[in-house]
Every structure is written in structure tokens, then in C-alpha cells.
Peer 1: 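Here it is, the structure, as C-alpha cells.
To find a chain, count down the sequence lines: A is the first, B the second, and so on, and within it residues start at 1.
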There are 2 protein chains.
Amino acid sequence: MLKIGELASKTGLTAHTIRFYEKNGLINASERSDAGYRYYTEADVRQAEFVKTARKVGFSVDDVATLLSIRVDKSNHTCQDVTDITQRKLIDVNEKISELLSMQQTLEILLNSCGGGLESATHCSIMEALDASNALNARSFVQ
Amino acid sequence: MLKIGELASKTGLTAHTIRFYEKNGLINASERSDAGYRYYTEADVRQAEFVKTARKVGFSVDDVATLLSIRVDKSNHTCQDVTDITQRKLIDVNEKISELLSMQQTLEILLNSCGGGLESATHCSIMEALDASNALNARSFVQ
DNA sequence: TATAAACTTAGAGTAAACTCTAAGGTCAAG
DNA sequence: CTTGACCTTAGAGTTTACTCTAAGTTTATA
Ligand SMILES: [Zn+2]
Ligand SMILES: [Zn+2]
Ligand SMILES: [Zn+2]
Ligand SMILES: [Zn+2]
């Protein structure tokens with residue numbers, strides 16, 4: 001049985017985060033000491049690691065809660081339950097990626113257009129470009 | 001001179017957002033009527049559009065404030081001032097992209113490993129993979 | 001003139017995921 | 001026994017960028 005600090009160092013989560021996850025229904029201590037100390041079993045460790053992995057994959061805390069509810073009752077859930085969540089997350093991630101790629105492209109164009117030296121910004125092409133999109137409009141370089 | 005609602009419909013911002021930007025030092029009405037109504041000039045419109053463009057490129061509200069402070073006093077700033085901000089933002093965006101690409105890849109692998117049908121999740125490969133990373137560890141598929 | 005649309009303010013609420021604080025109790029080691 | 005490290009709780013704070021509300025004023029139009 002591990003105390004919260006031990007679970008923390010074992011999983012790379014902080015004790016704070018573990019308590020936060022508990023509040024959100026993700027991780028529960030199998031036991032409590034008389035003094036209220038949380039004690040975790042090996043199964044708890046595996047669950048905490050499941051949570052950590054799922055979070056790293058991009059699932060929200062709420063998603064993870066849902067995944068855990070499937071995990072503890074697999075026979076009453078289907079693969080589709082799982083792929084639905086995963087599919088939604090992928091769409092989500094793809095959207096964010098394409099927004100960011102568009103920003104990336106614009107930022108690179110901006111940087112390539114400006115020497116970045118110590119001369120006055122009076123004719124800085126980045127400033128001009130950010131301004132120009134008034135007249136030249138979004139079509140020119142923003143998207 | 002435009003009222004806030006007119007500036008809003010002209011820029012695609014909402015009146016709420018414009019007031020929020022004002023509170024954050026991004027957009028100020030050149031005039032106020034006796035009743036306190038904000039009145040915006042064409043220069044204000046251009047500034048609001050600068051703000052909108054800069055936000056769309058990914059600059060934070062704080063970044064935009066800095067860019068605006070350069071904009072109103074270009075001769076006392078350098079191109080480097082501008083590229084520094086832009087560079088930082090690009091690094092930022094690149095980091096986010098690579099995190100998201102890693103998630104994307106993992107999610108795709110997960111989805112490819114599971115049929116997603118109506119059969120029981122008892123042996124769902126997604127659930128197994130999220131669990132497996134306990135034993136198999138992060139090296140296997142998460143990053 | 002009456003009504004509706006638009007405007008004003010300060011301040012609270014939202015979202016997500018933590019992160020930290022205060023004030024105090026517990027436990028192992030020396 | 002006395003440290004010091006670790007644990008407890010409820011609840012507030014952080015970050016970013018809005019978004020909304022309430023309660024009241026002003027303006028344009030019919
Ligand atoms: Zn189900
Ligand atoms: Zn420049
Ligand atoms: Zn400067
Ligand atoms: Zn499956």
C-alpha cells in the first residue's frame with residue numbers, strides 16, 4: 001500500500017493532482033488510515049497510470065472519467081463506445097492542428113519578410129503585413 | 001465616427017469583445033459622447049483590424065498590446081523587437097503542433113487497432129493499449 | 001411621444017486543468 | 001520526546017480570452 005506521495009513519485013503525477021483527480025472521480029484510494037491518509041493498491045497504481053496515459057493522448061479529464069467507467073465494466077460496453085470517444089478526440093486534435101499550421105505558416109512568412117535587425121521598425125514588413133490585412137485583407141496571408 | 005456596434009459589425013468582433021480589448025489596452029475610442037457612448041474613427045477601425053489580424057495569427061492579447069505599443073512609436077523600436085515576439089510565438093506554436101501531432105498519431109494507431117463494432121469492450125484493443133502502457137510503458141506508442 | 005434598439009457600467013461567470021494556501025494532524029528516525 | 005517530512009481539508013487562486021448579466025440611459029424611428 002502506497003501513500004499519496006509514493007503514488008505521486010511512482011506515476012509522475014503530483015499529490016495535488018492526484019487529489020484533484022480524486023475530486024473528479026478518476027482515482028480513488030482503496031483505503032484510508034484512521035488518520036485519513038490515502039492508501040493505494042497496485043490496482044490503484046495501474047488506474048493512475050491509465051489516467052496519465054489517457055491524458056497524455058489528449059483525452060480530457062471528463063473523457064478519462066468515461067473511459068474509466070467503461071474500463072471497470074467492459075462487458076457492458078462496446079468497442080464503439082470507445083472508438084466514439086477516440087474519434088471525437090481525433091477530430092478535435094485535427095482541428096487544432098490545422099489552426100496551428102495556418103498560424104505557423106503565417107508566422108514563418110512574417111519572419112522571412114523581416115530582417116529582424118536593429119534598424120527602426122518604421123518600415124518593418126511584419127508590422128506592415130499585420131496592418132495591410134486591413135486593406136489587403138485576410139486573403140493575402142492570413143489563411 | 002462609428003458607435004461600438006458599428007465597429008463590431010465592421011470588424012467581426014462583438015461589442016463585448018471590443019470593451020474587453022479596451023480594458024486590456026488594445027482598442028480605445030477616440031471620443032466619447034456626453035452620454036458616454038464610444039465613438040471610433042477610421043484610425044480606430046484600422047487598429048481594431050490590426051488587433052483582429054494579430055490575434056488570428058496567434059498572438060496573445062498581451063503580445064498584441066506590445067505590438068501596438070511598437071506600432072504607435074515605430075521609430076523608437078527595432079525590427080528585432082518585432083521579430084523577437086514573432087519568433088517566440090512561432091516556437092510556441094511549433095511546440096503545440098508537435099504535441100498535437102504526437103496525439104494525432106497515437107489516436108490514429110488506436111483507432112486502427114479497434115474495429116469499433118458493437119461487440120463487448122472486454123478485449124478492446126484501445127482499452128488494452130491505454131492499460132498496457134503501464135507495463136509496455138510510454139515507449140511503446142505514447143511518443 | 002412612444003417604443004425598440006443600442007448603449008452604459010461594474011462585476012460575475014465560463015471553460016479546463018490544475019496549483020496553491022492555510023492551518024493543522026501524523027509518523028518515522030534519532 | 002522532538003524534529004522534519006509528509007499527510008489532511010476546504011476552498012481560493014491561476015491562466016486565457018472572452019461572455020454574459022443586471023439595471024439603467026440614450027437615441028433613432030414611426
Ligand atoms: Zn457504453
Ligand atoms: Zn521588420
Ligand atoms: Zn522596443
Ligand atoms: Zn475496441
Peer 1: Scan residues 15-31 of chain A against DNA chain C and write down, sorted by residue number, each residue with any heavy atom closer than 4.0 Å; if none is found, say none.
Peer 2: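 Correct list: A/His16, A/Thr17, A/Phe20, A/Tyr21.
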Peer 1: Applying the side-chain contact (heavy atoms from CB on, under 4.5 Å) criterion to B/Gln104, which one of B/Leu107, B/Leu100, B/Leu101 satisfies it?
Peer 2: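 With B/Gln104 as partner, side-chain contact (heavy atoms from CB on, under 4.5 Å) holds for just one option, B/Leu101.
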Peer 1: For the atom pair CG (B/Asn24) and CG (B/Leu68), what is the distance rounded to the nearest 0.5 Å?
Peer 2: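 So the gap between those two atoms works out to 11.5 Å.
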Peer 1: Please report the interatomic distance NE2(B/His77) to CG(A/Leu118), rounded to the nearest 0.5 Å.
Peer 2: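 Spacing of NE2 (B/His77) from CG (A/Leu118) equals 13.5 Å.
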Peer 1: Checking all strands, does A/Thr14 fall into the base, sugar-phosphate, or nothing category for heavy-atom contacts under 4.0 angstrom?
Peer 2: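 The answer is nothing, as A/Thr14 stays clear of every strand by at least 4.0 Å.
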Peer 1: Using the ring of A/Phe50 (Phe, Tyr or Trp, six-membered ring only), decide whether A/Arg71 places NZ or CZ under 6.0 Å from its centre and within 45 degrees of its axis.
Peer 2: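 Here A/Arg71 passes the 6.0 Å and 45° test against A/Phe50.
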Peer 1: Let me spell it out: for each of B/Lys3 and B/Val61, pick the nucleotide of DNA chain D with the closest heavy atom. Which residue's pick is nearer the 5' end?
Peer 2: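 Closest to the 5' end, via its nearest nucleotide, is B/Val61.
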Peer 1: Nearest heavy atom decides the nucleotide; on that basis, is B/Asp34 or B/Asp62 closer to the 5' end of DNA chain D?
Peer 2: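 Looking at the nearest nucleotide for each, B/Asp62 comes out on the 5' side.
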Peer 1: Both A/Ser33 and B/Gly36 contact DNA chain C. Which one's nearest nucleotide lies toward the 5' end?
Peer 2: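 Upstream on the strand: B/Gly36.
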Peer 1: At under 4.0 Å between heavy atoms, what does B/Ser60 touch on the DNA or RNA strands: base, sugar-phosphate, or nothing?
Peer 2: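 Sugar-phosphate: the residue B/Ser60, judged by heavy atoms under 4.0 Å, touches backbone atoms but no base.
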Peer 1: Looking at CG of B/Leu90 and CD of B/Glu95, how far apart are the two atoms once the value is rounded to the nearest 0.5 Å?
Peer 2: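 B/Leu90 atom CG to B/Glu95 atom CD measures 10.5 Å (nearest 0.5 Å).
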Peer 1: Atom CD of residue position B/Gln105 - does it have more than 12 heavy atoms of other residues, nucleotides or ligands inside 6.0 Å?
Peer 2: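 Open: at most 12 neighbouring heavy atoms sit under 6.0 Å from CD of B/Gln105.
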Peer 1: With rounding to the nearest 0.5 Å, note down the distance linking CE in A/Met127 to OG in A/Ser113.
Peer 2: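 So the gap between those two atoms works out to 12.0 Å.
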Peer 1: Starting from P on D/dC7, measure out to CE on A/Met1 and report it in whole angstrom.
Peer 2: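 Going from A/Met1 (CE) to D/dC7 (P), I get 14 Å.
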Peer 1: Using whole Å, report how far CG of A/Leu7 lies from P of D/dT8.
Peer 2: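 Spelled out: CG on A/Leu7 to P on D/dT8 is 11 Å.
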Peer 1: Identify which one of B/Thr86, B/Thr78, B/Asp84, B/Ile85 satisfies the side-chain contact (heavy atoms from CB on, under 4.5 Å) criterion when paired with B/Val82.
Peer 2: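 So, applying the side-chain contact (heavy atoms from CB on, under 4.5 Å) to B/Val82 and each of B/Thr86, B/Thr78, B/Asp84, B/Ile85, only B/Thr86 qualifies.
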Peer 1: Give, for atom SG of B/Cys124 and atom CD1 of A/Ile70, the distance between the pair rounded to the nearest 0.5 Å.
Peer 2: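 Rounded to the nearest 0.5 Å, the SG-CD1 separation comes out at 8.0 Å.
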Peer 1: Take atom CD1 of B/Ile4 and atom C1' of D/dT26, then tell me their distance rounded to the nearest Å.
Peer 2: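 It works out to 15 Å between those atoms.
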Peer 1: I want to verify a distance call: between D/dT26, D/dT9, D/dA17, whose nearest atom is closest to the A/Arg32 side chain?
Peer 2: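 Among the listed nucleotides, the one closest to the side chain of A/Arg32 is D/dT9.
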Peer 1: Using a heavy-atom cut-off of 4.0 Å to chain B, what are the terminal contacting nucleotides of DNA chain C, in 5' to 3' order?
Peer 2: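 Answer, 5' to 3': C/dA6 to C/dT9.
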